[in-house]
Amino acid sequence: MAEKYDHAAIEKKWQERWEKSNAFAADDTSAEPKKYVLDMFPYPSGEGLHVGHPKGYIATDIYSRHMRMKGHNVLHPMGWDAFGLPAENYALKNKIHPRVAVEQNIATFKAQLAHIGFDYDWSREINTTDPSYYKWTQWIFLQLFKKGLAFQSNEPINWCPSCMTGLANEDLDGAACERCGTVVEKKKLPQWVLKITAYADRMLADLDALQWPEHIKEAQRNWIGRSEGINITYEIVDSNERVVCFTTTPVNFGATFIVLAPEHPLVFKITTKDQSAAVVAYVEQARSKDAIERAAQKEKTGVFTGAYALNHVTGKQIPIWVADFALADVGTGAVQGCPGHDMRDFEFAKKYGIAIPRVVVGMDGNTGPIDSPEKVIEKGTPGKMINSDFLDGLEFSVAMEKTKDYFESKGWGKKVVNYKLKDWVFSRQRYWGEPIPIVHCPKDGAVAVPEKDLPVLLPEVKSYEPSGTGESPLAAITDWVNTTCPMCGGPAKRETNTMPQWAGSSWYYLRFMDPHNDAALVGKDKEKYWAPVDVYVGGDHAVRHLIYARFWHKFLYDIDMVSTIEPFARLEFLGFILAEDGRKMSKRYGNVINPDDVVKQYGADAFRLYEMFMGPFENTTAWNTASINGVSRFVERVWRAQELVQAEDCKALERLLEQTVKKIGEDIEAFKFNTAVSQMMILLNAIEKEKTVGKNQWKKFLQLLTPFAPHIAHELAEKAGWNREEWEQWPTHDPAKLAADVVKIAVQINGKVRATIELAPDAPEAEALMAARAAVEKWLAGGEKKAVYVPGKIVNLVVPDAQSGRGAD
RNA sequence: GCCGGGAUGGCGGAAUUGGUAGACGCAAAGGACUCAAAAUCCUUCGACCGCAAGGUCAUGAGAGUUCGAUUCUCUCUCCCGGCACCA
């Protein structure tokens, strides 16, 4: 009897050995095919890792170990995304400097990871808060600035009164701060903004070719929110002003009013004296509500400005209203109301007694007045134009295109593409971030810090609490703020805002290719060798990180820093692990499971196998401690099976082994780890049943097991006496050995299985039918109408209905 | 409301993409070993009828296509995710 498997000792032994031999260092020049396998790097929080975090890391570890065994040169690195609010808030709460907090948290995370036996190349470890790293984050900002893609703005931005900082649209959950749930306010602050919208079209178009999950691509498409339409310019009657309305559906023969958002700059310019008091009051009350309150209103409200615009095609004067259902930051902030053909416009017109003409006849053929919501024919539904002069009889959608052309030819409008995506508000009024490398000079304005002076170091400071005034805490450090202008040498002040948490993670995958380069963010040779990331694994971040990184990458491509148009060729989405109670794992609920405890009790190999065996990789699944027993038993049984190894191959195992080699290779490639694990269990079950396994067969089995359970596999291989070259390679399967001599074939009567027979997989039809009929004789008394034979699969005999239902009774 | 993804035993989930539904595992029940327990091993394990042989029903619901549907088509219900007074 072999001794009981001592996972603690054996796992420690191999982890130390791998670390000492630097076993997983990537080679920048190898001629072997390269694979860059990357996890979304973690944010080292104060809570430490819970069992959900390593799930993705285990998957990439399996994938990359598998690739190494197949002879690939693999880059599988790890690093830390450590700037931003969570670290700063943690530091404030615990009264330690964020730098110290981050150091401690990283140490914790790293120790936890070490126990799981990952194959990271730690020589490439990076940390976004390291000056040698953020030097290049700042460098990218400067390039954006030089190309006019980073600019200053005074537009009102989202301000979280609780986090005391401005936020990008991507940082919102609806109208609330994604971090703390506080409803954001609009605040006018001088901001740095990145022109991500300049890349909207390319980010949209290039999605198609990516090997990404459909729901992520869809989320990005929704977020970019492209819509084609036309900006129509209306003359305002008795005024020199004009109002521009954006519409995708110019049903202009039916346009009977215009609505301005309360914040629209024209509101007070065009409001007549009589209406002034009402408009002022309306705008006041609209401003007092936040976006959520406004959207929650059941009824449309609005007030007439007293002004009219001229409808180009009907020649009629149409009233201009102010209403809060028009949103200042959507389109042009002004909408033309076509109440017969838009539900929202209909409600508004109905309430305020505005004309509702019909200009489209829908499928119901109804040509009467549109007097109830059901009769509204909205865009996207089929219909024909009516009461529309030269458009009459045309299909709705065709007429819209024709209208756009017509308006453009008349100079009344201009076709435009509108995006929901807004430019990236890039300033944060907080301490723990990359300083924005800009100097403000009274003479030269905003001046880039010369590249040779990078990084602009984040100054050490005693008090880094947010001021809440819209000024960064850095503004209080006068000897840091006061500097000289790089252009004129005169006195100037540093930019005191910092970059958002998402800056450092927008390009980190490039730094892993060349982490110690002091002359460039990534050397061209290294970039060409490694790019793009072959497989990127992570959850969440469907929009923010993945859209920001794609934006920066495309910009770096444009300035010839990278050679691919997309950073991540393939993305595998990771389903979360919930707590046993079905809730999110959180310190707050006290339901967190620490991987350290699981590894201690069951071992890293069992832990790894369990997380992969839980279900499909992309599924969200609840942790179930009882279920670990299964994989834990599996590990113990593997250990015991070494006693069954004999010199001679076991014939009975041959075909199953071939199938297993094939299946596990395919499953790893496809990220179907759950079925791969189950296949190994099937093979082990067979080995135990046969009570013997050939030494060569055992070797193959261990090779298949290595990516999943590397510790025990290495230990058993060592005990069997194989050296590294001999066994650290992926087994191949022989397709000829996959085919069976005889297969079980189901015999169906009218699609119901009545018997099984054994046949050669390529048995001729006559033979198959004869055997089948013999097996189900009693069902054929009423005759046979038809026979279907699919070799190797099935025989189906069709009999008259009366015979199909009953058996012998 | 629009878009994307789902729904299979007590539970997690399989099913070669139209061919024996429930692989593999958990939990549960019975048995062996043991003074006992743990561990291990053996057996049972979708529902219903039946002593059994066997049969009937069954992949969210309902229709359809097909010799044959968890898989394809349509309608509906519910769940998860993205967007949303988006003009």
Side-chain angles (χ1 to χ4, degrees), chain A residues 4 174 213-227 229 245-250 259 261 291 294-298 300 323-327 329-338 342-345 347-348 378-380 418-420 542-543 573 575 609-610 613-616 618-631 633-634 636-637 640 659 662-663 666 672 674-685 688 744-756 778 785-790 792-799 805-809:
Chain A
K4 197 171 153 35
E214 194 49 43
H215 72 275
I216 305 238
K217 292 196 200 183
E218 201 54 33
Q220 295 223 342
R221 287 190 195 106
N222 284 340
W223 190 258
I224 294 168
R226 184 181 202 271
S227 59
C245 299
F246 173 76
T247 179
T248 56
T249 321
V259 169
R294 280 207 212 176
Q297 298 174 118
K298 281 200 192 73
K300 305 278 167 279
D324 63 6
F325 77 76
L327 305 177
D329 51 5
V330 175
T332 58
V335 197
Q336 55 176 27
C338 309
D342 180 284
M343 196 54 76
R344 196 192 42 204
D345 294 351
E347 283 172 31
F348 191 78
E378 293 194 87
K379 66 170 172 187
N418 205 32
Y419 297 97
K420 201 188 79 67
V543 171
F573 185 82
L609 284 163
Y610 172 63
F613 190 56
M614 285 177 87
E618 69 278 9
N619 275 21
T620 295
T621 324
W623 183 264
N624 183 351
T625 299
S627 286
I628 307 176
N629 287 335
V631 286
R633 281 175 201 148
F634 172 76
E636 299 283 345
R637 282 162 54 207
R640 271 179 262 137
Q659 285 172 341
K662 179 168 187 279
K663 178 154 180 62
E666 287 169 356
K672 288 162 78 174
N674 56 330
T675 50
V677 174
S678 109
Q679 185 66 30
M680 283 186 294
M681 290 172 167
I682 291 171
L683 181 57
L684 181 65
N685 288 350
E688 287 178 343
K744 279 190 180 163
I745 281 189
V747 182
Q748 300 182 327
I749 298 292
N750 290 0
K752 280 179 187 152
V753 179
R754 298 298 178 188
T756 43
K778 66 174 177 178
K785 287 205 297 194
K786 186 175 176 179
V788 179
Y789 170 51
V790 182
K793 300 259 159 103
I794 207 153
V795 173
N796 191 13
L797 302 175
V798 184
V799 302
R806 284 287 109 88
D809 52 355

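Naming convention: chains lettered A, B, ... in sequence-line order (proteins, then strands); numbering from 1 in each chain. Small disclaimer: the values here were computed from a predicted structure and weren't measured.
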Measure [atom1]/[X] against [atom2]/[N] and give the value in whole Å, please.
X: A:N222; N: B:G82; atom1: CG; atom2: C1'; answer: 5 Å
X: A:F573; N: B:G82; atom1: CZ; atom2: C1'; answer: 11 Å
X: A:M681; N: B:A14; atom1: CE; atom2: P; answer: 14 Å
X: A:D342; N: B:A84; atom1: CG; atom2: P; answer: 18 Å
X: A:F348; N: B:C85; atom1: CZ; atom2: C1'; answer: 12 Å
X: A:K786; N: B:G68; atom1: NZ; atom2: P; answer: 8 Å
X: A:E636; N: B:U40; atom1: CD; atom2: P; answer: 8 Å
X: A:I794; N: B:A15; atom1: CD1; atom2: P; answer: 18 Å

For [X], report the nucleic acid contact type (base, sugar-phosphate, nothing); a contact means any heavy atom under 4.0 Å.
X: A:K663; value: nothing
X: A:E347; value: nothing
X: A:A334; value: nothing
X: A:V798; value: sugar-phosphate
X: A:N685; value: sugar-phosphate
X: A:P213; value: nothing

Mind checking the [atom1] distance from [N] to [M]? Whole angstroms is fine.
N: B:A21; M: B:G9; atom1: C1'; value: 11 Å
N: B:G19; M: B:U56; atom1: P; value: 22 Å
N: B:G81; M: B:A28; atom1: P; value: 32 Å
N: B:C83; M: B:U75; atom1: P; value: 27 Å
N: B:U20; M: B:C11; atom1: C1'; value: 25 Å
N: B:C72; M: B:U59; atom1: C1'; value: 16 Å

Residue [X], side-chain heavy atoms: nucleotide from [options] that is nearest:
X: A:W223; options: B:G82, B:C57, B:C83; answer: B:C83
X: A:R754; options: B:U40, B:A21, B:U56; answer: B:U56
X: A:R637; options: B:G25, B:A23, B:A27; answer: B:G25
X: A:S678; options: B:C3, B:A87, B:C24; answer: B:C24
X: A:F613; options: B:A87, B:C41, B:G25; answer: B:G25
X: A:L327; options: B:C86, B:C26, B:A14; answer: B:C86
X: A:R344; options: B:G13, B:A87, B:C24; answer: B:A87
X: A:K300; options: B:C85, B:C3, B:U20; answer: B:C85
X: A:K420; options: B:A84, B:C24, B:C85; answer: B:A84
X: A:R633; options: B:C57, B:C26, B:A87; answer: B:C26

For [N], which nucleotide in any strand shown is its Watson-Crick or wobble partner with both distances under 3.5 Å?
N: B:C41; answer: B:G31
N: B:U77; answer: B:A7
N: B:A23; answer: none
N: B:A69; answer: none
N: B:C83; answer: B:G1

Discussion item. For A:K217, I'd like to know if atom NZ has over 12 heavy atoms of other residues, nucleotides or ligands within 6.0 Å.
Written reply: yes
Does a side-chain heavy-atom distance below 4.5 Å link [X] with [Y]?
X: A:L797; Y: A:K786; value: no
X: A:I749; Y: A:R754; value: yes
X: A:K785; Y: A:V799; value: no

Between [Y] and [X], is there a salt bridge with N-O shorter than 4.0 Å?
X: A:R640; Y: A:E636; answer: no
X: A:R221; Y: A:E218; answer: yes
X: A:K672; Y: A:E618; answer: no

Item to complete: Look at the side-chain N and O atoms of A:K752 and state whether any lies under 4.0 Å from the OP1 or OP2 oxygen of B:C57.
Response: yes
Discussion item. Whether A:N629 contacts B:A27 is assessed here as follows: a side-chain N or O lying under 4.0 Å from the phosphate OP1 or OP2. Is that the case?
Written reply: yes
Item to complete: Run the ring-centre check on A:W223 versus A:Y419 and record whether the distance is less than 6.0 Å.
Response: no
Item to complete: For A:V795 and for A:T621, locate the closest nucleotide of RNA chain B by heavy-atom distance; then report the residue assigned to the nucleotide nearer the 5' terminus.
Response: A:T621
Worksheet, complete the sentence: By nearest-heavy-atom nucleotide on RNA chain B, the more 5' of A:G615 and A:S627 is A:G615
Item to complete: May I ask you to verify whether the side chain of A:N796 and the base of B:C67 hold a donor-acceptor pair under 3.5 Å?
Response: yes
Discussion item. Please check this pair: side chain of A:N619 against backbone of A:T621, looking for a donor-acceptor N/O pair closer than 3.5 Å.
Written reply: no
Discussion item. Please classify B:G13 as syn or anti, treating any glycosidic angle within 90° of 0 as syn.
Written reply: anti
